[in-house]
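For reference, the structure is listed below as structure tokens.
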Amino acid sequence: MADQSRPVTGYPAPPASNGYPTTAPTAYPYVAQPRPNQGSYFNVSGPYYSDPYATQQRATFIRRIFAIIIACVIIIGTIVFIMWLVLRPQVPQFRVDSLTLSNFNLSSNSLISGNWDARLTVRNPNSKIVLYYDHIEAAVFYKSESISETTVPPFVQGKKNETAVRATFASLSAYVEDRNGINDERARGTVYFNLRMVARVRFKAGAWWARRRILKIYCPSLPVGVSANSSAGSLDGGSKNCRVGL
């Protein structure tokens, strides 16, 4: 026969003498659920949370910017190439027709004096472009030593046009190191001078203006017939073509 004094399973134990149970009820214990890893998503001190959608949007925006830049470069390049095919711009041509020398003298202390008068022909080979010469500087040299400098008045040159240009130089006491070289050439009856020019030129075709270009003109080894006993001379051998570059 069952012991009536034994407590039924599932019910709290009888109270102690002081009125409180001796142990906590253990019939149906509560199991605590595990806490989520807050460091990954909810804790601000945890690792940075990256939004893949925002990253994809930024990448798409950058790709579009690059595509627009490339498209603009291609369009501009195509327009410039088509204009070049239509206009076929060419640099002008320079030719020295005459170079006269007067009052020429070379002192014993290597000071050179004289007057140079250069006449040139400038030709515009373009059939669709007008040239605007805004500023022209010219200088006469002996080898690489500058003797005198001057400026040429600005002018406008039409299509397939030839323009006569004059440049005059004067030197009172320019110093040259190669005095013996000049004397040797003068003893042979011919002294060689160089003419250099720098011009700022604009190209215009109808309403289209090209940006200003810098032309460099070099006319080397211009033979001037002047003897040791003479102070005057002129260009030998006819006209001389010059080299022109941008």
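In what follows, residues are counted from 1 in the order of the sequence shown.
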Could you give me the CA-CA distance, side-chain angles and deciding distance for S102 and W116, then say whether side chain to side chain contact (heavy atoms under 4.5 Å, CB included) is met?
CA-CA 7 Å; S102 60; W116 290 259; over 6 Å; no
Check step by step if side chain to side chain contact (heavy atoms under 4.5 Å, CB included) holds for S108 and R179.
CA-CA 8 Å; S108 58; R179 176 177 178 273; 4.2 Å; yes
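Atom CZ of R200 is separated from atom NE2 of H135 by 5.0 Å, given to the nearest 0.5 angstrom. Rounding to the nearest 0.5 Å gives a distance of 9.0 Å between CD1 of I65 and CD1 of I62. Here CZ of R63 is found 4.5 Å from OG1 of T60. Values are rounded to the nearest 0.5 Å. S173 contributes atom OG, which lies 6.0 Å from atom CG of L111 (distance to the nearest 0.5 angstrom). Atoms CG and OG, on L222 and S239 in that order, are 10.5 Å from each other to the nearest 0.5 Å. Distance check: D184 CG to D178 CG gives 8.0 Å after rounding to the nearest 0.5 Å.
Note: the hydrophobic cluster containing I217 also contains L195 (ILVMFWY, side chain heavy atoms under 4.5 Å, direct or indirect links). V244 is connected to Y133 through a chain of hydrophobic side-chain contacts under 4.5 Å among Ile, Leu, Val, Met, Phe, Trp and Tyr, so both are in one cluster. Tracing side-chain contacts under 4.5 Å through hydrophobic residues (I, L, V, M, F, W, Y), one reaches V165 starting from V140; they form part of the same cluster. By the criterion of side-chain heavy atoms lying less than 4.5 angstrom apart, applied directly or through intervening Ile, Leu, Val, Met, Phe, Trp or Tyr residues, L120 is not grouped with Y192; the two fall into different hydrophobic clusters. A continuous path of hydrophobic side-chain contacts links L246 to V201 [ILVMFWY only; heavy atoms under 4.5 Å].
Taking each heavy atom of S127 and K159 in turn, the nearest pair found is O-CD, 3.3 Å. In terms of heavy-atom proximity, R196 sits nearest to K143 at NH2-O, 4.4 Å. The shortest non-hydrogen separation linking R186 to L106 is NH1-N, 4.3 Å. Summarising the geometry of V96 relative to C219, their closest heavy-atom pair is CG2-SG, 3.7 Å, with the distance given to 0.1 Å. Heavy-atom minimum distance, Q90 versus N126: N-OD1, 2.7 Å. The nearest pair of heavy atoms linking P223 to T190 is CB-CG2, 3.5 Å.
Between N115 and N103, the side chains place a donor N or O and an acceptor N or O closer than 3.5 Å (distance only, hydrogens not considered). A side-chain donor from one of D97 and T121 sits under 3.5 Å from a side-chain acceptor of the other. Counting only N and O atoms by type, the side chains of S107 and N109 include a donor and acceptor under 3.5 Å apart.
Within 6.0 Å of CG on L172 lie no more than 12 heavy atoms contributed by other residues, nucleotides or ligands. Within 6.0 Å of OH in Y218 there are more than 12 heavy atoms belonging to other residues, nucleotides or ligands.
Two residues are said to be in side-chain contact when any heavy atoms from C-beta on lie closer than 4.5 Å; V122 and Q157 meet this criterion. Counting heavy atoms from C-beta outward, F203 and L131 have side chains that approach closer than 4.5 Å. Looking at heavy atoms from C-beta onward, F169 lies out of side-chain contact with E149 at the 4.5 angstrom threshold. Between T163 and F155, the closest side-chain pair of non-hydrogen atoms falls below 4.5 Å. Residues Y142 and N194 form no side-chain contact, since every pair of their non-hydrogen atoms from C-beta on lies 4.5 Å or further apart. The closest side-chain heavy-atom distance from R202 to D134 is below 4.5 Å. The side-chain heavy atoms of I112 and F104, taken from C-beta on, include a pair separated by under 4.5 Å. Counting heavy atoms from C-beta on, the side chains of L215 and M197 never come closer than 4.5 Å.
Between the side chain of N124 and the backbone N or O of G158, at least one donor-acceptor pair lies under 3.5 Å. At distances below 3.5 Å, at least one donor-acceptor pair connects side-chain atoms of K160 with backbone N or O atoms of P125.
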